[in-house]
Amino acid sequence: MNLLPRRYHRIKEVLEKRQPDLTVLTEDVHKPHNLSAIIRTCDAVGILDVHSINTTDEFPTFSQVSQGSDKWIFLHTHPNIQTAINHLKSKKFKIYAAHLTDKSVDYRDIDYTQPTALLLGAEKWGVSEEAASLVDGHIIIPMLGMVQSLNVSVAAAVILFEAQRQRLQKKMYDTSRLDIKRYHQILFEWSYP
Ligand code: SAM
């Protein structure tokens, strides 16, 4: 099967900007449009792997909001938050919960050029106490209005584009950062779906 050269080069270009050491973990984010919007932002920022747990519902399907971005992201589901966090810690990620507590620091004070996982909480309940106790830190987007929190996908975008800004500054998008074996495997999968 012949692949149009332009599409092949586009896939290569995107893959070469993917950041294997930047990821998101969603905890019971159950509305399809929110999960889809988060995935779409991950694609834009260069995230390849997203982790999710969903203990309250069936796993949400992607809505049109994803604009097909779910095809270019690997979504890994875990049975519970402890397993998900242990998995990320074993891969040397620092995990920051976007979570409003008295321990929270401004999200701009974090170094996102280190291996980083961003934990996002459920639409209604936020990050669970268990998850909050297992992570490396809590971060907050300062809110100056009457409402206490942002929509979860908006919060994800604000924080992830700060991570992108820091990584652009450090030229982390300039050369491919994926393990060579994984790079070729994904290039093949995406080129010949
Ligand atoms: N009532 C919930 C609470 O107290 O956490 C609000 C949940 S909020 C709608 C859903 C998720 O979005 C939160 O768990 C958090 O991960 C993220 N979020 C929303 N606004 C945020 C902010 N200003 N700073 C950090 N994270 C935020």
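When a ligand or atom number is given, it counts from 1 through the structure's own listing order. Quick caveat, the model's predicted, so the values are computed rather than measured.
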Problem - Flag if over 12 foreign heavy atoms under 6.0 Å of CZ, R10 - result: no
Practice task
Assess the side chains of T83 and N80: does a donor N or O sit below 3.5 Å from an acceptor N or O?
Solution key: yes
Problem - N-O pairing of R18 and D43 below 4.0 Å - result: yes
Handout entry: Atoms in ligand 1 with a heavy atom of V152 nearer than 4.0 Å
Key = 10 (C), 11 (C), 12 (O)
Problem - Polar side chain donor-acceptor pair, S128 to E27, under 3.5 angstrom - result: yes
Exercise for the section: Can you spot which of D109, L118, D106 makes a side-chain contact (heavy atoms from CB on, under 4.5 Å) with I139? Expected result: L118
Problem - Atoms of ligand 1 close to M143 [distance to a heavy atom under 4.0 angstrom, numbered from 1] - result: 23 (N)
Handout entry: Sub-4.0 Å atoms of ligand 1 with respect to non-hydrogen atoms of I140
Key = 24 (N), 25 (C)
Practice task
Say whether, by atom type as modelled, one donor and one acceptor occur between the side chain of Q82 and the main chain of A131 under 3.5 angstrom.
Solution key: no
Handout entry: Best match, L150, I141, I159: closest heavy atom to atom 24 (N) of ligand 1
Key = I141
Completion exercise
for atom 15 (C) of ligand 1, nearest protein heavy atom and its distance come out as A98 O, 3.0 Å
Practice task
Pick one of side chain, backbone, both or neither for how A155 approaches ligand 1, counting any non-hydrogen atom pair under 4.0 Å.
Solution key: side chain
Problem - Any A122 heavy atom less than 4.0 Å from ligand 1 - result: yes
Practice task
Would you check whether K124 has a nitrogen or oxygen atom less than 3.5 angstrom from a nitrogen or oxygen atom of ligand 1?
Solution key: yes
Exercise for the section: Would you mind listing which atoms of ligand 1 come within a distance below 4.0 Å of any non-hydrogen atom of I139? Expected result: 25 (C)
Practice task
Answer with yes or no whether the side chains of Q19 and Y173 bring together a donor and an acceptor at under 3.5 Å.
Solution key: no
Exercise for the section: Specify whether the nearest protein heavy atom to atom 4 (O) of ligand 1 is under 4.0 angstrom away. Expected result: no
